[in-house]
*Asks:* 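Quick one: structure below, then a few questions.
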Amino acid sequence: NNAQKLLMLVVENFPSYRDETVFQGKKVAFYKRAQILVADIWGLLEGKGYGLFHDIASLSMFADYRIPQALVYLGAMKYSQELMDKLKQGVLFKSGDCQEVEIRGCSIWCIELIMHRIRELGAQKNCVNKEINSILIDYYLWDYAKNHRKDMANIPIHRVRCIYY
């Protein structure tokens, strides 16, 4: 019943789930695919039985390419002009490149800020929902991005060829 333990079990035993890099001299771990695995178990089993994880909210959003696009489109995040130019040119980033890590890291932080703001607004209306977590926001934004792909066509995704996405 521990999402973090399952996450680490997967990461330790399956190298293709070790989504790690070094950024400014510090180890950074995204574990996108491992987090999706744990979140999918939680979601599929509706948080019951083997899907009951008391620490499910400890998982972050799944740092990929589609959520940053949606965040930029919705105005929650902004790319520098230099980065936007690279993205529009279709530059292929290497996994662990500084700008690729920054996009993913800023996306995680942005989702955390959105989650906290949702909770604040709920508290102001005496509607505290502790069930709101980064996973649910990620799921929502992924579906939003998929359903609004044409509207967001002018916001390029960051391109990375690796086993972690």
*Asks:* Suppose we screen for salt bridge (Lys or Arg N to Asp or Glu O under 4.0 Å). Which residues come up paired with E120, at least two apart in sequence or across chains?
*Replies:*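 R117.
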*Asks:* Search all heavy atoms of M152 against all heavy atoms of A70 and return the closest pair with its distance.
*Replies:*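 Where M152 meets A70 most closely, the heavy atoms are SD-CA, 3.8 Å.
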*Asks:* Drop me the distance from M84's CE to K78's NZ, to the nearest 0.5 angstrom.
*Replies:*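 Those atoms lie 9.0 Å apart.
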*Asks:* Just wondering, do Q69 and P156 contact through their side chains at under 4.5 Å, heavy atoms?
*Replies:*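 Contact flag for P156/Q69 side chains = no.
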*Asks:* Where is the tightest heavy-atom contact between F30 and A63, given as atom of each residue plus distance?
*Replies:*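 Looking at all heavy atoms of both residues, the shortest contact is CD2-CB, 3.9 Å.
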*Asks:* Determine, using the 4.5 Å side-chain heavy-atom cutoff (strictly less than), whether L59 and L9 are members of one ILVMFWY cluster.
*Replies:*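 Hydrophobic grouping puts L59 with L9.
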*Asks:* Begin from the C-alpha positions of R104 and K32 and carry the test side chain to side chain contact (heavy atoms under 4.5 Å, CB included) through to its verdict.
*Replies:* CA-CA 10 Å; R104 296 177 83 194; K32 175 201 180 242; 3.8 Å; yes
*Asks:* What about H158 and Y79, are their ring centers closer than 6.0 Å?
*Replies:*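 No: the rings miss the under 6.0 Å criterion.
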*Asks:* Out of curiosity, I67 CD1 to L74 CG, how far, rounded to the nearest 0.5 Å?
*Replies:*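 Answer rounded to 0.5 Å: 10.0 Å.
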*Asks:* Under 4.5 Å between any side-chain heavy atoms of I163 and D19, yes or no?
*Replies:*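 Answer no - side chains too far apart.
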*Asks:* Under the side chain to side chain contact (heavy atoms under 4.5 Å, CB included) criterion, do R66 and R149 qualify, and how do the steps go?
*Replies:* CA-CA 10 Å; R66 190 65 67 191; R149 203 171 271 160; 3.8 Å; yes
*Asks:* Are V28 and Y165 connected in the hydrophobic side-chain network, where two residues link if heavy atoms are under 4.5 Å apart?
*Replies:*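 Looking at the clustering, Y165 is in the same group as V28.
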*Asks:* Compile the donor-acceptor pairs under 3.5 Å between side chains in residues 138-146 and protein atoms, sequence neighbours left out, one pair per line.
*Replies:*
residue, atom, partner, partner atom, Å
D138, OD2, F62, N, 2.9
Y139, OH, A39, O, 3.4
Y139, OH, D40, OD1, 3.2

*Asks:* How far apart are the closest heavy atoms of R18 and N13, and which atoms are they?
*Replies:*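 Closest approach of R18 to N13, heavy atoms only: NH2-N, 4.3 Å.
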*Asks:* Using 4.0 Å as the upper bound for N to carboxylate O, is an ion pair formed by K94 and E100?
*Replies:*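 Looking at E100 and K94, the cut-off is not met.
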*Asks:* In this structure, would Y65 and V91 fall into the same cluster of hydrophobic residues linked by side-chain contacts under 4.5 Å?
*Replies:*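 Per the 4.5 Å side-chain linkage, Y65 and V91 are not co-clustered.
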*Asks:* I'd like to know whether F93 forms a side chain to side chain contact (heavy atoms under 4.5 Å, CB included) with R161, so could you lay out the CA-CA distance, the side-chain angles of the two residues, the decisive distance to 0.1 Å, and finally the verdict.
*Replies:* CA-CA 8 Å; F93 293 98; R161 186 164 297 155; over 6 Å; no
*Asks:* Tell me, do I118 and I137 make a side-chain contact under 4.5 Å, heavy atoms counted?
*Replies:*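 Counting from C-beta outward, I118 and I137 do come under 4.5 Å.
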*Asks:* Determine the sole option in D55, V11, V38 for which the side-chain contact (heavy atoms from CB on, under 4.5 Å) test with L6 is passed.
*Replies:*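 Looking at D55, V11, V38, the match for L6 under the side-chain contact (heavy atoms from CB on, under 4.5 Å) is V38.
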*Asks:* How many angstroms lie between CD in Q35 and CG in L37, if you round to the nearest 0.5 Å?
*Replies:*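 Q35 atom CD to L37 atom CG measures 10.5 Å (nearest 0.5 Å).
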*Asks:* Would Y17 and E12 count as a side chain to side chain donor-acceptor pair (under 3.5 Å) if you check the C-alpha gap in whole Å, the side-chain angles of each, and the deciding distance to 0.1 Å?
*Replies:* CA-CA 8 Å; Y17 283 77; E12 289 167 4; over 6 Å; no
*Asks:* Crowded around E131 CD? As in, over 12 foreign heavy atoms under 6.0 Å?
*Replies:*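 12 or below, so no.
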*Asks:* Starting from the C-alpha separation in whole Å, work towards a yes-or-no answer on side chain to side chain contact (heavy atoms under 4.5 Å, CB included) for D97 and V101.
*Replies:* CA-CA 6 Å; D97 278 351; V101 173; over 6 Å; no
*Asks:* Are M8 and V10 joined in one hydrophobic group, where the rule is that I, L, V, M, F, W and Y side chains link up if heavy atoms are under 4.5 Å apart?
*Replies:*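 Yes.
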*Asks:* Locate the shortest heavy-atom distance separating S16 from R33; write the atom from each residue and the value.
*Replies:*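 Heavy-atom minimum between the residues: O-NH1, 3.1 Å.
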*Asks:* Under the side chain to side chain donor-acceptor pair (under 3.5 Å) rule, what do D85 and Q89 come out as? Steps first, then yes or no, please.
*Replies:* CA-CA 6 Å; D85 291 343; Q89 293 166 13; 5.7 Å; no
*Asks:* Please tabulate, for the side chains in residues 108-116, all donor-acceptor contacts under 3.5 angstrom to protein atoms that are two or more places apart in sequence or on a different chain.
*Replies:*
residue, atom, partner, partner atom, Å
E112, OE2, S134, OG, 2.5

*Asks:* Do I157 and L92 share a hydrophobic cluster (ILVMFWY, side-chain heavy atoms under 4.5 Å, transitive)?
*Replies:*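 Hydrophobic grouping puts I157 apart from L92.
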*Asks:* What distance do D64 atom CG and S107 atom OG have between them, rounded to the nearest 0.5 Å?
*Replies:*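 Interatomic distance, D64 CG to S107 OG, rounded to 0.5 Å: 8.0 Å.
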*Asks:* Does I132 offer a backbone N or O that forms a donor-acceptor pair with the side chain of R119 under 3.5 Å?
*Replies:*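 Yes; at least one donor-acceptor contact below 3.5 Å.
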*Asks:* Is E102 close to F23 at the side-chain level, that is, under 4.5 Å between some pair of heavy atoms?
*Replies:*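 A side-chain contact exists here, since the closest heavy-atom pair is under 4.5 Å.
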*Asks:* I need the minimum non-hydrogen distance between A3 and F53, along with the two atoms involved.
*Replies:*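 Where A3 meets F53 most closely, the heavy atoms are N-CD2, 3.4 Å.
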